[in-house]
Amino acid sequence: MTEEKTNEQTGESPEEARRRKLEQISALGHDPWGHRFDDRALIGDIRARDGEVKYVLEDGTEVDLPSEAELETVSLKEWAAEKGKGKLNGPQVRAAGRIVLHRDKGKLQFIDIEDWTGKIQLFVGQKQVGEENWELIQCLDLGDLIGVDGMLRRTQTGELSIFADKIHFLTKTLDPPPAKHVGLTDPEVRQRKRYIDLAWNEGVRDRFLDRSRIVKSVRDTLQGQGFVEIEGPTLHSIAGGAAARPFNTHHNALDMELYMRIALELHLKRLMVGGMERVFEVGRVYRNEGISPKHNPEFSMLEVYQAYGDYELMMDLTEAVISDAIKSIGASETLPWGDKEINFATPFERKTYDELFQIHTGVDPHDAAAVKAYASELGFDVEGRHPDVIKSDVFEEKVEDALVGPIFVTDYPASICPLTKRKSDNPDVAERFELFVHGMEVANAYTELNDPDLQQKLFETQLEGMSEEDSMAKMDNDFVTALRNGMPPAGGLGIGIDRLVMLLTNSQSIREIILFPLLRAESSS
RNA sequence: GGGAUCGUAGCUCAGUCGGUAGAGCAACGGACUUUUAAUCCGUAGGUCCAGGGUUCGAGCCCCUGCGAUCCCA
């Protein structure tokens with residue numbers, strides 16, 4: 001403690017070193033926080049210009065360079081020696097990006113920079129950039145943002161590189177990056193500090209860019225079929241349209257209890273009454289329930305309604321939306337899913353609820369007593385509960401997890417579908433399907449119920465053994481009134497955007513595809 | 001809500017039986033004008049998640065709390 005520190009480098013923390021260099025950058029007359037930097041090309045586009053790099057012989061003849069594959073076997077140096085005396089020439093380029101790797105060879109440095117289209121190596125020599133710029137280059141740290149002007153060429157080993165004429169300083173990074181090539185692994189920190197995860201962990205940024213492409217593709221597919229996107233309210237006075245516990249909130253001026261929406265359904269249907277014949281909304285819904293690898297309290301839903309349609313049409317639409325989304329991220333119909341695969345070739349398999357029930361349980365779905373006995377064996381509480389609720393419990397337990405899919409499960413028991421039209425030849429069966437893939441419910445669709453009297457009755461009917469918050473049957477008089485004004489027969493479809501993105505990007509956790517998933521508040525201690 | 005596992009340097013991780021706190025990367029000083037996770041020499045860096053307990057002695061054992069991950073409900 002009393003020992004005197006004789007060496008000025010003693011005890012300097014990474015941050016102190018960076019702050020020292022920040023001061024130095026200012027002292028050299030540069031703004032350590034940078035400024036507008038025009039005319040830079042994206043690194044991906046610069047890399048695509050590799051064909052413009054030529055070997056120019058002394059007589060002025062330009063020779064194409066060997067391909068990347070050939071350079072695996074022959075060094076560029078040997079290749080050039082064979083061609084005769086000459087020099088490499090390429091286009092003048094300007095790039096900007098984050099320093100992700102740094103190899104210091106004294107009077108020569110190799111700096112890898114990255115933007116959101118790719119990485120490229122900078123060849124930076126003291127003699128080439130000049131003394132003044134070289135001093136600035138001594139102040140660079142991993143993570144800093146820089147710009148570069150230089151010629152696109154290849155090094156002796158064949159690596160496509162920008163041979164720097166000048167380095168521009170664009171922004172200092174005070175925190176050191178995570179371990180190179182290992183990155184940030186702690187899942188908590190990855191989510192709390194998503195910026196580090198995005199900047200440094202392989203594939204994270206691409207996954208979120210894919211998410212954006214998928215959402216865009218969904219919109220394009222629907223708009224291409226004449227659907228119109230709308231924005232419904234997120235604050236609802238009745239949390240209807242789905243069976244879920246809502247978040248409660250309050251409007252002060254109106255002194256009114258409100259709920260964050262749990263579904264988009266009922267307002268989109270009101271629009272159908274108003275003559276919006278093909279509408280959809282992609283939006284956030286909020287469900288005050290548990291958090292799991294498949295559940296985040298806020299998530300994104302697509303709901304689509306098509307006048308004069310039905311659930312069969314919604315199956316075709318689901319296939320189109322998913323097929324187009326796969327194309328939009330440049331993927332193929334067969335996608336990896338962990339150590340398994342998913343084959344999204346259309347048409348997807350279709351089987352009825354009862355068929356699947358029979359197959360996976362061996363119990364006759366029409367024999368209520370047998371189903372009840374089977375459920376009892378599985379440990380379900382069966383007394384005083386509606387037969388269809390019992391059947392639904394068994395279905396979720398024994399069938400859903402077993403479904404590999406993609407498979408459309410069709411024709412659900414009507415009593416658990418209060419917003420769905422019944423089959424004209426069988427009022428006990430609802431024209432509904434759900435799409436399952438590897439046990440995950442991805443889509444849910446109905447031929448929409450448009451009979452106001454039946455809708456009112458179903459809202460009034462609580463199924464035995466179902467708590468109010470687990471039930472979709474919540475009276476919404478305003479919605480029933482809307483139906484009295486004539487909603488066309490229609491097909492309606494809901495797709496869980498997050499789950500679709502999970503499946504298409506091989507992400508087993510929803511937290512990998514939601515930028516900022518809900519986390520417990522950090523303790524202040 | 002229940003169970004299991006985890007929390008150690010900026011990052012990734014070791015830490016034996018309870019006995020002086022360790023490595024790699026990053027950082028700092030030095031050498032190097034064609035490197036590829038560059039290499040080589042040297043230096044520094046710790047609230048072992050928090051609080052309590054047991055003990056001569058706790059990163060390690062016990063309790064409580066906080067946070068995380070997975071499984072189950």
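Owing to the predicted nature of the structure, the values given are computational and were not obtained by experimental measurement.
Between A:Phe433 and the choices A:Tyr353, A:Phe408, A:Tyr446, the ring pair (Phe, Tyr, Trp, His ring centres under 6.0 Å) rule is met once, by A:Phe408.
With both pairing distances under 3.5 Å, B:A58 is matched to nothing as a Watson-Crick or G-U wobble pair. With both pairing distances under 3.5 Å, B:C28 is matched to B:G42 as a Watson-Crick or G-U wobble pair. With a cut-off of 3.5 Å on both pairing distances, the Watson-Crick or G-U wobble partner of B:C13 is B:G22. In this structure B:A37 sits in no base pair that meets the Watson-Crick or G-U test at under 3.5 Å. When both distances must be under 3.5 Å, the Watson-Crick or G-U wobble mate of B:U64 is B:A50.
Picking from B:C28, B:G24, B:U35 the nucleotide with the shortest atom distance to the side chain of A:Ala17 gives B:C28. Which of B:G10, B:U35, B:U12 sits closest to the side chain of A:Pro176 comes down to B:G10. Among B:C28, B:G67, B:U34, the nucleotide with an atom closest to any side-chain atom of A:Gln156 is B:U34. Of all nucleotides listed (B:C28, B:U34, B:G24), B:C28 comes nearest to the side chain of A:Asp141. In this structure, of B:U34, B:G10, B:C32, it is B:U34 that holds the atom nearest to the side chain of A:Leu108. The side chain of A:Leu101 sits closest to B:A38 out of B:A38, B:C11, B:G10.
Using a 4.0 Å cut-off, no side-chain N or O of A:Gln109 falls inside it from OP1 or OP2 of B:U34. Under 4.0 angstrom from either OP1 or OP2 of B:A31 there lies no side-chain N or O belonging to A:Lys105. Taking side-chain N and O atoms only, A:Thr185 has a distance below 4.0 Å to OP1 or OP2 of B:U12. Residue A:Lys180 places at least one side-chain N or O under 4.0 Å from the OP1 or OP2 atom of B:A26. The phosphate of B:U69 (OP1 or OP2) has a side-chain N or O of A:Arg511 nearer than 4.0 angstrom. Contact annotation: A:Arg103 reaches the phosphate of B:A38 (side-chain N/O to OP1 or OP2, under 4.0 Å).
Spacing between atom CZ of A:Arg245 and atom P of B:A73 amounts to 17 Å, rounded to whole angstrom units. Atom C1' of nucleotide B:C11 and atom CZ of A:Arg190 are separated by 14 Å, given to the nearest angstrom. Counting to the nearest Å, the C1' atom of B:C72 and the CD1 atom of A:Ile291 are 17 Å from each other. When the P atom of B:A37 is taken as reference, atom NZ of A:Lys119 falls 11 Å away, rounded to whole Å.
Backbone-only engagement by A:Lys21 is indicated by non-hydrogen atom pairs under 4.0 Å involving sugar-phosphate atoms exclusively. A:Lys127 comes within 4.0 angstrom of a base, heavy atoms only. A:Gln128 comes within contact range of at least one nucleobase, with a heavy-atom separation under 4.0 Å. A:Asp112 comes within contact range of no nucleotide atom at all, as no heavy-atom separation falls under 4.0 Å.
Side-chain contact check for A:Asp354 and A:Thr352: no donor-acceptor pair (N or O, by modelled atom type) lies under 3.5 Å. With hydrogens and angles left out, the side-chain atoms of A:Ser67 and A:Glu70 include a donor and acceptor closer than 3.5 Å.
Between the C1' atoms of B:A9 and B:C48, the separation comes to 10 Å (whole Å).
Residue A:Thr410 holds its OG1 atom at 12.0 Å from CG of A:Leu435, rounded to the nearest 0.5 Å. Taking CD from A:Glu159 and CG from A:Asp112, the interatomic distance works out to 7.0 Å, rounded to the nearest 0.5 Å.
Between A:Arg211 and A:Glu512, none of the side-chain N atoms (NZ, or NE/NH1/NH2) sits under 4.0 Å from a carboxylate O, so this pair counts as no salt bridge.
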